[in-house]
Structures are given as C-alpha cells and as structure tokens.
Amino acid sequence: MGTSELDLVIAGVLSGDRTWIAKAITLVESTASDDKGQAVEFLQSIAVHTGGSQRIGVTGSPGVGKSTFIDELGTYLTEIGHKVAVLAVDPSSSISGGSILGDKTRMERLSTNPDAFIRPSPSSGILGGVAKGTRETMLILEAAGFDIVLVETVGVGQSEALVAEMVDFFLLLLLPGSGDSLQGIKKGVLELADLIAVNKADGNNELRARQSARDYQSAMSLLTPETSNWASPVMTCSGLTGQGIPAIWEQVKLHQQLTLETGDWERRRTNQQIKWMWALVEDRLIHSLKEEPELTTAISATEIEVQSGSLSPFAAAERIIDLFTRG
Ligand code: GDP
C-alpha cells in the first residue's frame, strides 16, 4: 500500500465509509511485516479521532442470550441516536478454528441497521491470540463515528479478562438460578462485572428471574467491587422482549457519569493503555523471535532437548533469550 492509498484509507475511515473501514481493519489485522509500519502510521494518523466512544463489554455462557441481547440493546441505542459497533472476541476461533461468536446472522436487526456495524470475530490462527486486532478495530470504528462499541465475548477461559481490559463498562449476563449457582462462575469474572443482568426474564421465567437477581445481589455484596464507589447492580432483562434494557442503559450512563467525576474513568483508560503497550511489546518480541531465520534452527533444537528432558525449561528459556539478545 502506497502513501497515497494510506491517505485514502484515512479519509475513507473518517468519512465513515464501510468499504474503507473494512480495508483499514484488514490492514491492522495483517501480520505481514511490511504492513506493520503502515498500520502504526495509520493508527497514529487517526489517533486524535479515537477514544470518544463508550466501550462496553458483554459476556456470558453460550446460550445465555448474548446475541439476542446485543441485537436488542444495539437497536435501542440506534433509536435514541447512537451509532453502534459490535465486535467479538472469540476464544474458540483460535483454539478449534470454529467460532461460537461473531456470526452476523445472529443479530438480525442490527446487521441491516445503517447506524450499526458488526465485525465478526477475527479468523482463526491470527497471531497474538484472541484479542489481536480488536483494540485497533475499536479505534477504527471510533474514528469512523461510532460512539458506542459493544465487545462481545463468551464466558469461558480468559477472554473475559481480556475484554474487561479494553472497555469502560463490563456487563455479565446470567440465567435465572439460585445464589448457589454463582459458585460455578469464577470469582474473578464476578469481580470484573460492573453490572449483572439476569436475562430471559420473560413469560414464566419473570418471577424466578427477579428472585434470583435478589439472590445474586446478596452473593455479590460479599465481593470487592472493581470501582471504589460503584456497587455493581444486579438487574433483570429480556433480550427477547426488550424488558429492562433501557434501565440497564441508564445504569451504564450513571456509571460513566460517576466514574468521570471521581477520575476512575480516566484511570481505567490510562491503565488499559499501559497494559496494551505491554501486550504489543510481548506480541512483537515473540513474533520477531520466531521469525528470525538464524534462530529458528537453534530454537527447534532447544525444544527437542526440553522434550527429551535433557534440558530444563528454565535453562532453555535462558538460552533462547541469550541467543535473541545477542542476535
Ligand atoms: P448466545 O449464545 O449467548 O449468543 O445466545 P443467543 O442470543 O443465541 O440465544 C440462545 C437461545 O436463547 C436462542 O434460542 C434464543 O432465542 C433464546 N433467547 C435469547 N434471549 C432470550 C430471552 O430474553 N428470553 C427467552 N425466553 N429466550 C431467549
């Protein structure tokens, strides 16, 4: 890509054009080394237009109703004048090559909504793990004028922590159940949640959902909240009927207002920038280590020694670092 084409991508993204947005996403997701410099230059150029959105993470087990919920919440938000981008961080796509998330057809209304943009989860095998490119894509969509970014992830593995580290507000969807059923959920995930919504509170489930919201609330009161003056509320909602969705949005706005006043909002973003920097450093170092032709043979030989047990992983790591820093 030449300089003039890069200018076109920048202008195209700033104008909100979907074709250019897609090109820009391809550029930042690209692992080709000649694109790296361009991706950095591009992100630098759009930097002043980024950061202005409300970034919201949505997590929950498969089947809890995430896509139905996001379809409903996103539609509601566009109706009250917002432009909504939906991104997915899908741990399954990098492990098995399959995908639990990100299928456009799962969000029927949003996928044809002119004020919404849905980015399916990145394809499998992208270097740097499941969140690779998600933050960069978020910046592109902010520059393109989307003022709300919803980042969806499935509640398994470590993806929740990754997503919590890139958003201002983290929402956990649960199904109605007893307070005991919270024990199956990792404490860490509960602590990350800025709000818990007991979903599918409709029809025969409505009363049960309200009861479990009370149960969950008392279980939650035993945890230390992530933000000092915010006790994460437990609410009920239905992605299917829309019940409770505006009330949840009110809480998101309230949280933003409060954290802006206390400085927690700014602190959270700043900490995220530092974590992101280190994630990129790690990513680049590992990448250049594995790409270095002179080192690949030595690394393979070292791996064999570790496999056979003749070299400890500790000594092997020392050797690799040594080779790398000398090279
Ligand atoms: P995801 O795997 O978390 O994205 O869940 P989906 O949104 O795909 O929903 C899983 C199933 O639950 C589907 O059969 C939906 O129709 C159903 N579902 C989703 N939301 C609701 C809801 O609010 N109420 C009811 N009753 N069913 C729902």
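When reading the values below, keep in mind they use all heavy atoms of this one structure, side chains included, and skip hydrogens, waters and symmetry mates. As the structure lists them, so they are numbered: ligands from 1, and atoms in each ligand from 1.
A continuous path of ILVMFWY side-chain contacts below 4.5 Å connects L254 to W249, so both sit in one hydrophobic cluster.
G63 counts as a contact of ligand 1, since one of its heavy atoms falls under 4.0 Å from the ligand.
The local environment of CZ in R284 is sparse, with at most 12 non-hydrogen atoms from other residues, nucleotides or ligands closer than 6.0 Å.
Heavy atoms of S61 found under 4.0 angstrom from ligand 1 belong exclusively to the backbone.
Applying the side chain to side chain contact (heavy atoms under 4.5 Å, CB included) criterion to D202, with sequence neighbours excluded, gives S238, L240, T241. By the side chain to side chain donor-acceptor pair (under 3.5 Å) test, T75 is found to be paired with no residue, residues two or more places apart in sequence or in another chain being considered.
An N or O contact shorter than 3.5 Å is missing between F69 and ligand 1 by distance. By the 3.5 Å distance cut-off applied to N or O atoms, G239 is counted among the residues near ligand 1. Not one N or O of E152 is nearer than 3.5 Å to an N or O of ligand 1, by distance alone.
Shown here for T134 and L87, the closest heavy-atom pair between the two residues is O-CD1, 3.8 Å.
Within ligand 1, the atoms closer than 4.0 Å to a non-hydrogen atom of T68 are 6 (P), 7 (O), 9 (O), 19 (C), 20 (N), numbered from 1 in the order shown. Under a 4.0 Å criterion applied to the non-hydrogen atoms of D202, ligand 1 contributes the atoms 22 (C), 23 (O), 24 (N), 25 (C), 26 (N). Residue-ligand proximity, N199 to ligand 1, at heavy-atom distances under 4.0 Å covers atoms 23 (O).
Remark: K23 is positioned above the aromatic ring of W20, its terminal NZ or CZ atom under 6.0 angstrom from the ring centre and at most 45 degrees off the axis.
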